[in-house]
**Q** 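I have a structure I would like to understand better, so I am pasting it below and will then ask my questions one at a time.
This structure is a prediction, so every number in the text was calculated from the model and none was measured. Note that the numbering runs from 1 along the sequence shown for the chain.
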Amino acid sequence: MRNIQKYSSWRWLAGALLLLGELSVSMLWMAPSPVLTEITSDLNITLAQSGIFLSVICLIFSASTFVFNGLGRKIKPKYIFGAGLILMAAGQGMFFFTRGYADLLFFRSITGIGMGICAPVYAVLIMENFPKRERPMVNTVYSALPYIAEFLSLFAAAPLLAICGYSWRGMMAAFGGLVVVITGMYVLCLPKISSTVSEEEEKSEKGLFREVARNREVRLLLLADSCDMWGYNFLSGFLPTFFQNEIGMSMKEAAHLTAIFPVAGIAAGLLCGALMVKVGLRKPFTWPMHLMVFAGTMMLSLCDGPLRIVGIVLAGVGNAGWAPALYTMPMEFEGMTPLKTGAAFSFIFGIGYISAFVSPLVGGWLGDCFSLKTVLVVNSFVALLAALATASMKETGKRTEN
């Protein structure tokens, strides 16, 4: 068992840098959504092609996470994380030179490789740098990052587009500049980040994917995450387009209305995480959240006025409210070590992102054939399957004594 003295006094700096890196992952993921109509118009591509562009990053992300199973035992995780940041910055900066649809997919794929490398490494570094009692607090902040990123991306889109001379290429590349700054900070502080997996532990951690794949709780969490990513990626990618093309809003109006989703997510992620730490239990913050996603997606699709806003809030609360438990539970499954947790993250999120890849692809095609409203309604039902999966899981936490 690890002793508290083994954890560096610099761990909060390490945690802040890891969280900034993961924030950049989420911002690059969300960056195209507010200007998707400009991209489709400029390059003359369909909704189905837009879906491929949005989701190809998930397929590359998925493949890249599995690379960690080999690299994690040969290269220190903190160096792998830095390499992921560099690839993200490079891929995003290349958007400035986009000439056609093939370039669009290629540059997005490079960005996705960097993202996929960073994802499982985060779990390893958090377990190496933080004692068990502090991990839920860090994961609570981590769970809010996608919603903070989406909020920043939506509200930065219009002014940043203007600063870049109304060039979506310049705006996309500008996001890469942000990652360059974060990468520089990370490299400067690299010596302060612990990477303590011993050679003995590395040698004993062979066949990790096979081991975690046999774990019932891992499989259930994989199912829930896959369902969640299916609905979340389509909703995040196409909601502004739905408001513009089928409701008749301007880009600014659609962005501001969509921004309610991440704002609700930020509040829900932080609040549910804080309550989870206080209560000590995980399951109460899983299946009820997925039921909220179902109800919220139906309401934002089928209702008007205030009810549509309520639906957006419910969807945001449900999507973010379960995230602190999602990231904490794999660290608490029986017999988990840093490398084993990294493998579980790779397995869960690697396959989960395949679902995120397929969702906009299928949804964009169905949107061309029918309507985005129809696809939103159909997609809402996957949240019920996620609720069933998480309700079937064992509790990994322990109720806090008052």
Side-chain angles (χ1 to χ4, degrees), residues 2 7-8 11-12 14-26 61-85 114-146 186 193-198 201-202 205 208-209 211-213 215 217-219 221-222 224-226 228-229 269 273 276 282 322-353 396-397:
R2 292 180 182 267
Y7 294 99
S8 170
R11 64 184 180 276
W12 294 108
L17 291 170
L18 291 171
L19 291 172
L20 280 174
E22 292 297 333
L23 176 65
S24 66
V25 168
S26 298
F61 193 120
S62 174
S64 299
T65 60
F66 292 111
V67 173
F68 172 74
N69 191 42
L71 291 179
R73 293 194 298 269
K74 298 176 181 178
I75 305 173
K76 285 189 176 183
K78 65 180 182 180
Y79 297 133
I80 299 176
F81 194 86
L85 292 177
M115 291 180 178
I117 290 174
C118 288
V121 182
Y122 163 83
V124 177
L125 292 175
I126 290 301
M127 288 195 72
E128 290 183 340
N129 284 273
F130 289 88
K132 183 176 181 179
R133 70 178 185 279
E134 293 176 352
R135 292 170 196 161
M137 292 184 284
V138 180
N139 287 331
T140 293
V141 178
Y142 179 52
S143 71
L145 293 182
Y186 182 84
I193 300 175
S194 297
S195 197
T196 57
V197 177
S198 66
E201 188 178 357
E202 290 173 357
E205 299 292 344
L208 292 178
F209 277 172
E211 183 175 347
V212 298
N215 187 309
E217 304 307 305
V218 169
R219 293 198 302 268
L221 200 58
L222 164 64
D225 180 64
S226 297
D228 182 67
M229 291 304 300
M276 187 183 75
R282 315 304 181 215
W322 90 293
L326 167 66
Y327 300 128
T328 300
M329 291 176 81
M331 298 180 181
E332 298 176 339
F333 291 154
E334 186 176 354
M336 299 304 279
T337 64
L339 285 181
K340 200 175 292 185
T341 303
F345 265 59
S346 295
F347 183 70
I348 293 167
F349 299 117
I351 297 178
Y353 280 110
T396 63

**Q** Quick check: do L85 and S24 have side-chain heavy atoms less than 4.5 Å from each other?
**A**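 L85 vs S24: side chains touch.
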
**Q** Is W12 close to V138 at the side-chain level, that is, under 4.5 Å between some pair of heavy atoms?
**A**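 Yes, side chains in contact.
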
**Q** Look up atom CG in N139 and atom CG in L19, then write down how far apart they are to the nearest 0.5 Å.
**A**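 N139 CG to L19 CG: 9.0 Å, rounded to 0.5 Å.
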
**Q** Applying salt bridge (charged side-chain N to carboxylate O under 4.0 Å, His left out), can you list everything that pairs with E217, at least two apart in sequence or on another chain?
**A**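 Testing E217 for salt bridge (charged side-chain N to carboxylate O under 4.0 Å, His left out), a comparison that skips the adjacent residues, returns none.
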
**Q** Classify the angle between the aromatic ring planes of Y142 and Y122 as parallel (below 30°), tilted (30 to 60°) or perpendicular (above 60°).
**A**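 Ring orientation of Y142 relative to Y122: parallel.
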
**Q** Any side-chain heavy atom of L125 within less than 4.5 Å of one from F130?
**A**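 No, their side chains stay 4.5 Å or more apart.
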
**Q** First locate atom CZ of R135, then atom CE of M127, and finally report the distance between them rounded to the nearest 0.5 Å.
**A**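 Rounded to the nearest 0.5 Å, the CZ-CE separation comes to 4.0 Å.
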
**Q** Evaluate the side-chain proximity of W322 to M329: yes if any heavy-atom separation is below 4.5 Å, no if none is.
**A**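 Sidechains of W322 and M329: no contact.
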
**Q** Among residues at least two apart in sequence or on other chains, which ones pass ring pair (Phe, Tyr, Trp, His ring centres under 6.0 Å) with F333?
**A**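 Result, ring pair (Phe, Tyr, Trp, His ring centres under 6.0 Å) vs F333: none returned.
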
**Q** Can you measure from CD (E332) to OG1 (T341) and round to the nearest 0.5 angstrom?
**A**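 Going from the CD atom of E332 to the OG1 atom of T341 covers 10.0 Å.
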
**Q** Is the Y353 ring parallel, tilted or perpendicular to the F349 ring (thresholds 30°, 60°)?
**A**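 Tilted, since the angle between the ring planes falls between 30° and 60°.
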
**Q** Taking side-chain contact (heavy atoms from CB on, under 4.5 Å) as the test, write out the residues that go with T140, two or more places apart.
**A**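 With neighbours one apart ignored, the set is L270, P324.
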
